[in-house]
Amino acid sequence: MHELLRTVPAGAVTTYGDLAGALGARSVARQVGYALAALPEGTDVPWHRVVDGRGLVTRPGSANAKRQCKLLRSEGVTVGRDGRVAEFASRRYALVWRA
DNA sequence: CAATTGACTCAGC
DNA sequence: AGCTGAGCCAATT
């Protein structure tokens, strides 16, 4: 899954559901997030490019949320005050799971 | 081993 | 258009 996430280019974003769907089961979106939560700090996986199904940055109150927003903006992604990704539909990356 | 929880999502109001 | 409720599957306790 991390590899699939690694295929997401900078400036693009993806959703838990899409990620899960690309893996085979759309219903495991939660577990995708769960897996990301277990991700170590020094990971090369762009976990910050993952948002929820509506282009909203999840986990309210978390310090990581701010970091994610900043990272996204540094990659050219505009994030609204409420964590909404601008032009999310267009920035949404077409995930392709390599069999 | 069974119950609860959770970085989600869809359908209703 | 935004909030609430119910559904979903795996990990934790």
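Residue numbering restarts at 1 for every chain, and letters A, B, ... go by the order of the sequence lines.
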Closest to side chain of A:Thr15, choosing from B:dC8, B:dT9, C:dC8: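 Of B:dC8, B:dT9, C:dC8, B:dT9 is nearest to the side chain of A:Thr15.
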Rounded off to whole Å, could you give me the [atom1]-to-[atom2] distance for the [X] and [N] pair?
| X | N | atom1 | atom2 | answer |
| --- | --- | --- | --- | --- |
| A:Met1 | C:dA10 | CE | C1' | 13 Å |
| A:Phe88 | B:dC8 | CZ | P | 14 Å |
| A:Arg81 | C:dG2 | CZ | P | 13 Å |
| A:Arg92 | B:dT9 | CZ | C1' | 11 Å |
| A:Leu36 | C:dA10 | CG | P | 16 Å |
| A:Asn64 | B:dG6 | CG | P | 17 Å |
| A:Gln31 | B:dG6 | CD | P | 13 Å |
| A:Asp52 | B:dC10 | CG | C1' | 12 Å |

task: Measure the shortest side-chain to side-chain distance between A:Tyr16 and A:Leu36 over non-hydrogen atoms and say whether it is less than 4.5 angstrom.
output: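 Yes; the side chains approach each other to less than 4.5 Å.
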message: A side-chain contact here means heavy atoms from C-beta on lying under 4.5 Å apart; do A:Leu19 and A:Leu5 qualify?
response: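 Side-chain contact under 4.5 Å: yes.
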query: Given that A:Val28 and A:Tyr34 both sit by DNA chain C, which one's nearest nucleotide is further toward the 5' end?
result: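 Whichever sits nearer the 5' end wins; that is A:Val28.
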message: Here's a test of your reading of the structure: between A:Ala38 and A:Arg30, which maps to the more 5' nucleotide of DNA chain C?
response: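 Nearest-nucleotide comparison on DNA chain C picks A:Arg30.
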message: Donor-acceptor pair, distance only, cut-off 3.5 Å: does the side chain of A:Gln68 make one with the backbone of A:Val50?
response: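 It does hold such a pair.
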- prompt: Quick check: does any side chain N or O of A:Arg49 sit under 3.5 Å from a backbone N or O of A:Val8, one acting as donor and the other as acceptor?
  reply: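 Yes, A:Arg49 side chain to A:Val8 backbone: donor-acceptor pair under 3.5 Å.
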query: How is A:Arg54 classified with respect to the nucleic acid when contacts are heavy atoms under 4.0 Å: base, sugar-phosphate, or nothing?
result: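 The residue A:Arg54 makes base contact.
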